[in-house]
Amino acid sequence: MSNYYFNEIEAKWQKFWAENQTFKAENQSDKPKYYVLDMFPYPSGAGLHVGHPLGYIASDIYARYKRHQGFNVLHPQGYDSFGLPAEQYAIQTGQHPAKTTKENILRYREQLDKIGFSFDWSREVQTSDPTYYRWTQWIFIQLFESWYCKQKEQAFPISHLIDIFEKEGNIGLDAKCDPNQSNFTAEIWNNFSEEKKQKVLLNYRLTYLAETEVNWCPKLGTVLANDEIIGGVSERGGFPVLKKKMTQWSMRISVYGERLLQGLDTLDWSESLKETQRNWIGKSVGAAVEFKMVDDKDEVKELTIKTFTTRPDTIFGVTFLTLAPEHELVDKITTSEQRIEVEKYITTTAKKSERERMADVKNITGVFTGAYAKHPLTKELIPIWIGDYVLVGYGTGAVMAVPCGDQRDWDFAKHFDIPIKNIFKNVDISEQAHTSKEDIVITNSDFVNGCSYLDATNKVIQELEKRYCGTKEINYRLRDAVFSRQRYWGEPFPIYYKDGLPQIIDEKFLPIRLPEIEKYLPTESGEPPLGRASIWAWDASENKIVSNDLIDHLKVFPLELNTMPGWAGSSWYMFRYMDALNKAEFSSKEAMDYWENVDLYIGGSEHATGHLLYSRFWVKFLKDRGFLNVDEPFKKLINQGMILGESAFVHRVEAENKLVSIGQIGNLKTQPIHADVSFVNASNELDMVAFKNWRPDFKDAEFITEEDGSFKVSREVEKMSKSKYNVVNPDDICEQYGADTLRMYEMFLGPLEQAKPWSTAGITGVYSFLKKTWRLFHSGLEDSFFVSDQAASKDSLKILHKTIKKVIEDIENFSFNTSVSTFMIAVNELGTQKCNSKEVLAPLLILLSPYAPHISEELWSKLGNKESISTAPFPKFEEKYLIEDVKKYPISFNGKMRFTLELPIDMSKDEIEAVVMSHEKTIHYLEGRTPKKVIVVPGKIVNIVG
RNA sequence: GCUGAAGUGGUGGAAUUGGUAGACACGCUGGACUUAAAAUCCAGUGGACAGUAAUGUCCGUACGGGUUCAAGUCCCGUCUUCAGUACCA
């Protein structure tokens, strides 16, 4: 074989790697470990397009590089195979989601295999596989059986909590729980009924059942977590989302808020991603301030309004309070005169959807309750209003309004003609509020007059605490995560109900398998799809019922009918890969002690507030409970940018069956119509016949072409998607140019983290590079394989070591795009030199092999090697090959390079000085500079650059 | 609004600690081979001006300033684009 027949080569080596298990990782090794992970894909029906493998190629290059460097590398792959699309498809077609999922996975695997990844497939996981979700259910049980001790900042087993209750009650206990939990003594606890005890414990468990206001998406028939909603509509499908009260499982992630925030500082993630998580956690430091209610006789009632503020320093500027319309005290405090108006206001706001409320931001609405509260420091009477700019879900649902220091309070006060009190010295607040905290001097404010923001804040909090009407408080925006979905294709909960209270199904019955149902829709009575199943916990593989207690979920004990959300399975999969076949544990201690956590994680940034936050939460929890030994799952994270598609548009003359080439449009009014990109060549010319066959409705259309007879389309960069007909399939590229070309071209497209459009046009550059590489190993005359054993020339060794240096730097910095250029330069130069020395060509192959593994393996074996190139040690860079006898010292005057001095490399500082002196300039060394960099002062400064 | 990232030829993008901007590739132009096309190979390719030419001079990294012998790179200000997020008190 003398030509570069990439198809044969690639098939051959892919088979070789699979048969020899070349990339199988061992859980024990003398080598240092390295764990490279990709975010595992959801196997969608559309298959992979060229954008999907981008991150996988990058991680594969890194994994292969680390193997060459002598690491024991874990580089697994699997599938996040529970999810909505398979279920929507099931609803439409009646096909079981398990079947579609299996087919999609097979298709994915086929496509992935063609690209030549070095995955260890023996560790594959699928989240929808019962042997996997058995452990997802197990983790859920551990969460249910745990509570969070605030004092120790750690989760503990619920049995400890019961001990504490029995001995001390919950008074003085610093635990994170439902804020409405009241206090009890040990005696009271011990006298509680079993049912009451269970209810109390539910308020402490890390996963709990609660009636919460949830984001209900009627079109999808399920609730959504906050991060699954983008701009008021569902992330999947873009359907409207409403607020609805439902009893749901929740995860008490909020108790981990501070640790999730602190942990970010230890991670090697991009600043923007960390910032996104910080914003999502949304820590704000301030004070809780209590305002006591007064009636007409000025007596303090037992009603207290608790507000949260980040600006305690402005407390003397309070001129009113605003409550959220849904605030529980609204009803109690409203005076009879104001009642009708208040109720009217509440009904109108309740009718508004989240979206309308967001769109309505500029419209100021609100109503006076008629009630007053007493200012905790001045004792003045403060009117209480309600307004929908205050959200019930944030802080306490009530704000102390300081119109001089907050723009929304200012707008509200102006609108309703409420007085505005200025407490800032020399600041004009007639046109807008003064919201800056910097350089302010507080005035008009009793004991904090003349103070800065910081002084005033501290003094006010001190005073509030002394008077028992306020404390320093920290608020987080992070909400507990809703964990129930009213869907079929997800993990069933290991839960049944007894007297309306949730009970854990014993571990020995896990996994609780998904039951078979006839239709994947909610029941007629509105229960989730699982309500259609009467027989549960049926082990199809063993063909028996796993637990007699659970035969019939209606008659014996009702089972939980919700399923877990998509992020359940993906929150811990990185640990399953370490020990994927373990039947006794989710992963063995030995395996986890060895692999620890993911050293490099590559995936899209769209998971910033979902997966990447939830998995950190679960890992911290599992660590607390001693099931894990690491605090963070992903040490280093890289977000690969999206590869966009270049859509093609055919222009149709409005209201006519005429298609016009873009050069002929002129003044015609046209509509763009998506054309499949495969009908368009690099010069934007459309294959008219193919287009007509593809869209029979344009069979008789008239084509107005350019003068040369071609028909041109317009182009636009869009997200790659089936509906835009701009999908480029990696299989086609592999077929036409080979996987090695695809891999290198995807890297060459641009920096890994940037979004960039795919353009098949440029691929020939990379392809011809690989052909040139191939030819480097062949003699020109007979075109046969020929590599010489003779020593390499100095020049070619120099090229090799320049390349080694650059490639190592590039891989370490994830600048794979510039590496490709480096290879191209090296191969061109070696070609020019007619270098065929094994001394240079063999190391070059190893350098290339992470990028283009197939061609490297083939040429490597032709060099006479029996072992796979993937075990060869990476070439070491040696400075000596780059050192020349003569070094060039360009000399600049006034910033312009004037001439170059060529001096022996081993010249000392003094000798260089002498030479420069002889150039009739006055010379002066700057202290601390190396001899290579000489600063000379001849009246003007001259600089020699080495 | 806030937070983060970025702005360099026709295009994607290179450029250690400030040191000859535009590497490499696409595209384009010209040439070789070919009946022709494709493929392949070779040369040229930021702009302006001068010169028959080799070449030379000037201008150029979003815009306006500044520091420096020297700025794509450092500092100040402005604009634009992208991403995330938002009545968050």
**OP:** Consider the side chain of A:Thr764, meaning its heavy atoms from C-beta on, and name the nucleotide among B:rC87, B:rC26, B:rG13 that approaches it most closely.
**Re:** B:rC26
Subject >> Nucleotide nearest A:Ile825 (side chain, heavy atoms from C-beta), chosen from B:rA89, B:rA23, B:rU3 >> reply: B:rA23
Original post:
Side chain of A:Tyr389: nearest nucleotide among B:rC87, B:rG12, B:rC26?
Top reply: B:rC87
**OP:** Nearest whole angstrom, please: distance from the C1' of B:rC87 to the NE2 of A:His327.
**Re:** 17 Å
**OP:** Would you mind calling B:rG66 syn or anti? Take O4'-C1'-N9-C4 for purines or O4'-C1'-N1-C2 for pyrimidines, and syn is within 90° of 0.
**Re:** anti
**OP:** Measure from the side-chain heavy atoms of A:Lys771 and tell me the nearest of B:rU40, B:rU85, B:rC41.
**Re:** B:rU40
Original post:
How far does the P atom of B:rC63 sit from the matching atom of B:rU8, given to the nearest Å?
Top reply: 10 Å
**OP:** Provide, to the nearest angstrom, the distance between the CD atom belonging to A:Glu809 and the P atom belonging to B:rA15.
**Re:** 10 Å
**OP:** With sequence neighbours excluded, tell me which residues meet side-chain contact (heavy atoms from CB on, under 4.5 Å) with A:Tyr745.
**Re:** A:Phe748, A:Leu749, A:Trp758, A:Ser759, A:Ile763, A:Val766
**OP:** Go through B:rA23, B:rC26, B:rC87 for me and flag the one nearest to the A:Arg408 side chain.
**Re:** B:rC87
Original post:
When you check the phosphate oxygens OP1 and OP2 of B:rA25, does a side-chain N or O of A:Asn828 lie under 4.0 Å from one of them?
Top reply: yes
**OP:** Considering only NZ, NE, NH1 and NH2 on the basic side and carboxylate oxygens on the acidic side, decide whether A:Lys306 and A:Glu473 come within less than 4.0 Å.
**Re:** yes
Subject >> Nearest-nucleotide pick for A:Thr310, side chain only, options being B:rG13, B:rA89, B:rC26 >> reply: B:rA89
Subject >> A:Leu391 side-chain proximity, nearest of B:rC88, B:rA25, B:rU3 >> reply: B:rC88
**OP:** Taking only Lys NZ, Arg NE, NH1 and NH2, and the carboxylate oxygens of Asp or Glu, determine whether A:Glu878 and A:Lys805 approach each other closer than 4.0 Å.
**Re:** no
**OP:** Report which part of the nucleic acid A:Gln754 touches: base, sugar-phosphate, or nothing (heavy-atom distance under 4.0 Å, all strands).
**Re:** sugar-phosphate
Original post:
Heavy atoms under 4.0 Å, any strand shown: does A:Ser272 hit a base, just sugar-phosphate, or nothing?
Top reply: sugar-phosphate
Subject >> Length of the line joining A:Tyr745:OH and B:rC24:C1', which is rounded to integer Å >> reply: 13 Å
Original post:
Using the P atom in both, what is the distance from B:rC41 to B:rC26, to the nearest Å?
Top reply: 10 Å
**OP:** Kindly say whether the aromatic ring centers of A:Phe6 and A:Tyr737 come within a distance under 6.0 Å.
**Re:** no
**OP:** Select base, sugar-phosphate, or nothing to describe what A:Pro757 touches, counting heavy atoms under 4.0 Å on all strands.
**Re:** nothing
